[in-house]
Amino acid sequence: MAEPMQVDLVSPEEVVFTGEANMVITRTLGGGEIAFQAGHAPFVGALIENHTRVYLTDGTIQDIAVHSGFVEVSGGSPTRISLLTDKAELAEDIDVERAKADLERHELTLKTESVEAHIADAVAGKARAIARLTATGTGFTA
């Protein structure tokens, strides 16, 4: 079996997650979902709002809502994955009812607003709400 990778998820306020994993799946700007495993080539990419999955060495999955940022994979042994984000939330810390209300509010704004600034905020807010709900595993699908 391959050597586990070191995964660090950091926001300006805190270290959101750190641990050893066998695989990380996240979503990059313009590139779709990407999976990283030990021995992956060095990589740097911009993250978009998404449901990131960290497959831990104990067989569990840490679900995380990531709200943009960057991912860096450094080769070598062990492989190190750094997710640097403005904000991220572990699935167990997400208030599902609040995320649902946020999604509804942003969808309503998109249906009723014509001001570009409001639409851009609503699009970004809707993407964050979807990432949060998807990460919680409550059966929500985008």
Side-chain angles (χ1 to χ4, degrees), residues 1-113 116-142:
M1 174 175 262
E3 185 175 333
M5 305 176 296
Q6 177 62 40
V7 179
D8 298 305
L9 174 62
V10 180
S11 76
E13 292 84 29
E14 64 181 328
V15 174
V16 178
F17 173 83
T18 187
E20 290 188 337
N22 295 318
M23 182 168 55
V24 174
I25 300 175
T26 193
R27 185 174 291 274
T28 58
L29 178 66
E33 281 199 328
I34 186 166
F36 301 106
Q37 292 183 302
H40 196 284
F43 177 87
V44 174
L47 296 171
I48 61 171
E49 291 84 359
N50 77 92
H51 168 207
T52 294
R53 281 99 59 214
V54 179
Y55 292 79
L56 302 173
T57 56
D58 68 3
T60 62
I61 301 171
Q62 178 63 66
D63 295 294
I64 307 166
V66 174
H67 306 301
S68 74
F70 296 93
V71 59
E72 177 187 20
V73 178
S74 54
S77 184
T79 302
R80 180 178 219 73
I81 299 180
S82 299
L83 299 148
L84 310 169
T85 179
D86 297 332
K87 182 165 177 57
E89 300 168 273
L90 301 179
E92 57 268 21
D93 297 335
I94 296 171
D95 180 336
V96 174
E97 293 309 312
R98 187 174 135 228
K100 286 179 182 178
D102 288 347
L103 179 59
E104 288 177 19
R105 180 172 42 88
H106 294 303
E107 286 178 335
L108 180 62
T109 299
L110 288 171
K111 289 178 186 173
T112 60
E113 287 289 335
E116 285 185 37
H118 292 208
I119 292 172
D121 286 345
V123 168
K126 180 179 176 183
R128 284 189 303 273
I130 289 171
R132 293 171 73 214
L133 289 169
T134 306
T136 62
T138 57
F140 177 84
T141 55

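Hydrogens, waters and symmetry mates are skipped; everything else that's a heavy atom, side chains included, is used.
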Side chain proximity check, [X] to [Y], heavy atoms < 4.5 angstrom:
X	Y	value
I81	V71	yes
S11	K87	no
V10	V16	no
Q62	F17	yes

Working note: T18 + Q6, criterion side-chain contact (heavy atoms from CB on, under 4.5 Å); need CA distance, chi angles, decisive distance, verdict.
CA-CA 7 Å; T18 187; Q6 177 62 40; 3.0 Å; yes

Check [X] against [Y] and note the closest heavy-atom contact, atom names and distance.
X	Y	result
A129	A99	CB-O, 3.8 Å
A41	V73	O-CG1, 3.9 Å
A131	A65	O-CB, 3.6 Å
T60	D58	OG1-OD1, 2.6 Å
A91	A135	CB-O, 3.1 Å

Heavy atoms of other groups near F43 CZ, more than 12 under 6.0 Å
yes

Under 3.5 Å: donor-acceptor pair, side chain of T85, backbone of S68:
yes

For the side chain of T134 and the backbone of I130, is there at least one donor-acceptor N/O pair under 3.5 Å apart?
yes

Could you tell me whether the side chains of [X] and [Y] share a donor-acceptor contact shorter than 3.5 Å?
X	Y	result
D8	S82	no
N22	T57	no
T79	E3	no

To the nearest 0.5 Å, how far apart are CD in Q37 and CD1 in I25?
8.5 Å

When rounded to the nearest 0.5 angstrom, what is the spacing between CE in M5 and OG in S74?
11.0 Å

Which residues satisfy the salt bridge (Lys or Arg N to Asp or Glu O under 4.0 Å) test with [X], sequence neighbours excluded?
X	value
E104	none
E89	R132
D93	none

Donor-acceptor pairs under 3.5 angstrom involving side-chain atoms of residues 46-53: please list them, not counting sequence neighbours.
from, atom 1, to, atom 2, distance (Å)
N50, OD1, T26, OG1, 3.3
N50, OD1, T52, N, 3.2
N50, OD1, T52, OG1, 2.7
N50, ND2, T26, OG1, 3.4
N50, ND2, I48, O, 2.7
H51, NE2, D63, OD1, 2.7
T52, OG1, T26, OG1, 2.8
R53, NH1, E33, OE2, 2.9
R53, NH1, H51, O, 2.7
R53, NH2, E33, OE1, 3.4
R53, NH2, E33, OE2, 3.1

Applying side-chain contact (heavy atoms from CB on, under 4.5 Å), run through L133 and L103 and close with a yes or a no.
CA-CA 9 Å; L133 289 169; L103 179 59; 3.9 Å; yes

Going by the rule side-chain contact (heavy atoms from CB on, under 4.5 Å), which residues pair with V44 if we only count those two or more places apart in sequence or in a different chain?
E72

Could you note down all residue pairs passing salt bridge (Lys or Arg N to Asp or Glu O under 4.0 Å) where residues 13-25 supplies at least one of them, sequence neighbours left out?
none

